[in-house]
Amino acid sequence: MDAPAPELTWIDREYFTRVLEAYLHADVTVERFELASGCPGGQNFMSAIVRATVHYALGGTQPAHPATVSLIVKTKLADADLAQEVDQLNVFGIEKTVYGPVLKAVRELLTSFGDCTQFAPRFIYADEHALVLEDLAGKGYRQPDRKARLDQPHMRLIVRKLAKFHAATAVLGRKNRDLFNMLASSSFASEGNPIHLFYANAIQQCIEQTRKVPELKQYTDFLVAFHADAVEREAQCYERDEGAFNVLNHGDMWLNNLLWKYDEQGAAEDVIMVDYQESFYGSPAFDLNHLLYTSANNAIQRAGFDELVQLYTDELQGALRQFKYDGPLPDLDRIRAEMELKRDHALIVTTCIVPPLILERSELATPENMLGDHEEAVRAREEIFSNPRFIEILCILLPRLAVGAVSG
């Protein structure tokens, strides 16, 4: 379509001319463009994702076959009220900071050691409307089946990359702490954050499931107690101990924010992290818990965590040595202790983030359905949280998360 939807009327040929001239450092004539949704419904809560295919010519020429580029445009949610609430959290400011000065410093650090690892798509343009990024689909990156979640080869690959990302940002934090000033704390605890209601509704639905499923009845009181102060306990997980080992957390480290590239045999050979709008400087256990509890498949969640935490620690120490980190290296006991300190976050993502991820009808998990109290929203949440696949996950993870809190 050459005419955008009503809420995207600012997207026009002139807009993409500015974007491409900033990107290509040349005069550009935009011939036409097409817009499409950049992700399925129900899979993005803080912003709208648009894929733009732009056909253009350089230097004012009129070639028979203009060049084409595919871009990802991240902009505000269509719902004006939700968009205003999200604006107050400064998610675009956070993401611009990460994609701009932070990832530039990360690239420079790695390059100085001959390391070409790429953590994120290329940052192309930003203004008051949107963030424009490289579309990695053109390079063969894609998401696997989200409902099956990640197997051991996928998890080993992302754990290694996450460890290197954490190591690089830990080194930069020691060299230039000002780089992370805007990311020094999370906006999670901000009054009016719509995520608070999302979490409250989700945990309440999980409580209802424990009352219905015999194997989960012993966890009802545990979740009721957690529900009473879940927001406060989650806010504490974002707090930073200045004397501990700290890194830049991606902040939303789960399957939806990972793009994979595969070799000719179908094996995953690289992974790129996207969506840095919840990034903050703090304990690496936040990201690690988030990844393991949301995105590892059932087999790993039953018996594979220890191996992955060991791999993360080994890779982290190796990268810290590679990048000449000048502080004490965190060992396995320290990483495990940090994960235990952030266990409330593991419980949050299990009860609130996983259900929409594994849902067959992902379009049900819209912000309106997760936040609303109208009949359609209530029915949608019941379908999301009564999913047998989710019940199985609760049966696997609640015993781990409630250890010490439930007797018998």
Side-chain angles (χ1 to χ4, degrees), residues 94 97-98 101-103 105-110 112-113 115 117 119-120 155-189 233-254 273 276 278-295 305-349:
I94 291 169
T97 298
V98 176
V102 171
L103 283 172
V106 167
R107 284 193 302 273
E108 290 172 349
L109 173 69
L110 266 64
S112 71
F113 290 98
D115 191 319
T117 301
F119 296 108
M155 286 297 295
R156 288 179 65 84
L157 193 58
I158 181 55
V159 161
R160 286 193 177 104
K161 180 153 279 193
L162 181 63
K164 183 175 283 191
F165 178 74
H166 282 171
T169 58
V171 170
L172 290 171
R174 301 274 288 198
K175 289 183 174 181
N176 178 16
R177 187 57 177 276
D178 290 346
L179 184 65
F180 301 106
N181 279 348
M182 189 173 180
L183 311 167
S185 61
S186 166
S187 61
F188 173 80
R233 288 168 64 171
E234 173 70 346
Q236 290 173 3
C237 292
Y238 288 90
E239 293 178 358
R240 180 176 61 257
D241 177 355
E242 293 291 354
F245 175 76
N246 291 300
V247 304
L248 181 65
N249 281 272
H250 174 280
D252 199 10
M253 178 51 53
W254 68 311
M273 304 182 295
Y276 291 82
E278 297 180 56
S279 296
F280 73 99
Y281 199 74
S283 169
F286 190 97
D287 270 353
L288 198 52
N289 273 343
H290 201 120
L291 176 66
L292 293 174
Y293 282 86
T294 61
S295 303
F305 278 6
D306 288 347
E307 178 188 344
L308 290 171
V309 175
Q310 179 70 67
L311 175 63
Y312 171 85
T313 306
D314 292 344
E315 293 289 321
L316 179 70
Q317 291 183 340
L320 288 170
R321 292 189 184 99
Q322 176 187 354
F323 303 143
K324 309 299 183 187
Y325 182 70
D326 62 359
L329 300 182
D331 60 14
L332 182 60
D333 287 343
R334 182 67 257 166
I335 296 299
R336 285 175 171 164
E338 286 291 315
M339 292 177 71
E340 178 61 25
L341 286 172
K342 307 301 179 185
R343 183 165 55 163
D344 283 340
H345 181 65
L347 182 55
I348 280 283
V349 298

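Keep in mind that the numbers below use all heavy atoms, side chains included, and drop hydrogens, waters and symmetry copies. Everything quoted here is computed from the prediction, not taken from an experiment.
- Residues Pro101 and Leu179 are in side-chain contact: their nearest non-hydrogen atoms beyond the backbone lie under 4.5 Å apart.
- Annotation: side chain of Leu291 is in contact with side chain of Met155 (closest heavy-atom distance under 4.5 Å).
- With a 4.5 Å cut-off on side-chain heavy atoms, His166 and Leu316 count as touching.
- Remark: Lys324 NZ to Gln322 CD distance equals 9.0 Å, nearest 0.5 Å.
- Of all the heavy atoms in Gly282 and Asn246, the pair that sits closest is C-OD1, 3.2 Å.
- Considering only heavy atoms from C-beta on, Leu110 comes within 4.5 Å of Phe323 through its side chain.
- A perpendicular orientation is assigned to the rings of Phe280 and Phe286, their planes being inclined by more than 60° (bins at 30° and 60°).
- With hydrogens and angles ignored, the 3.5 Å screen pairs no side-chain donor or acceptor of Asp331 with any backbone N or O of Leu329.
- Of all the heavy atoms in Leu109 and Ser112, the pair that sits closest is O-OG, 2.5 Å.
- In the model, Asp344 has no side-chain atom that pairs as donor or acceptor with a side-chain atom of Gln236 under 3.5 Å.
- Closest heavy-atom contact between Ala120 and Leu103: CB-CD1, 3.6 Å.
- Leu162 has its side chain out of reach of Pro284: every pair of non-hydrogen atoms, C-beta onward, lies at least 4.5 Å apart.
- Here Thr313 contributes atom OG1 and Leu332 contributes atom CG; the two are 4.5 Å apart, rounded to the nearest 0.5 Å.
- What you find for Glu278 and Ile94 is that their closest heavy atoms are N-CG2, 4.5 Å.
- Between Tyr276 and His250, the ring-plane angle classifies as tilted under the 30° and 60° cut-offs.
- His290 and His345 have tilted rings, their planes meeting at an angle from 30° to 60° on a 0 to 90° scale.
- The main-chain N or O of Leu292 is never found under 3.5 Å from a side-chain atom of Ser295 such that the two would form a donor-acceptor pair.
- One finds a salt bridge joining Arg334 and Glu338 here, because a Lys/Arg side-chain nitrogen approaches an Asp/Glu carboxylate oxygen to under 4.0 Å.
- For the atom pair Tyr293 OH and Leu288 CG, the distance stands at 9.5 Å (nearest 0.5 Å).
- Distance alone, capped at 3.5 Å, is enough to place a donor-acceptor pair between the Arg240 side chain and the Ala184 backbone.
- The CZ atom of Phe245 sits 13.0 Å away from the CG atom of Asp241 when rounded to the nearest 0.5 Å.
- At least one donor-acceptor pair closer than 3.5 Å links the side chain of Asn289 to the backbone N or O of Met339.
- When every heavy atom of Ser186 is checked against every heavy atom of Tyr238, the shortest pair comes out as CB-CD2, 3.1 Å.
- For the residue pair Gln310/Asp314, the side-chain donor-acceptor check at 3.5 Å is satisfied.
- Leu248 places none of its side-chain heavy atoms less than 4.5 Å from the side chain of Val106.
- One finds the CG atom of Leu308 at 10.0 Å from the CZ atom of Arg160 (value rounded to the nearest 0.5 Å).
- Between the side chain of Asn249 and the main chain of Asp287, a donor-acceptor pair closer than 3.5 Å is present.
- Looking only at side-chain heavy atoms (C-beta outward), Met273 and Ile158 come within less than 4.5 Å of each other.
- Trp254 has its side chain out of reach of Val349: every pair of non-hydrogen atoms, C-beta onward, lies at least 4.5 Å apart.
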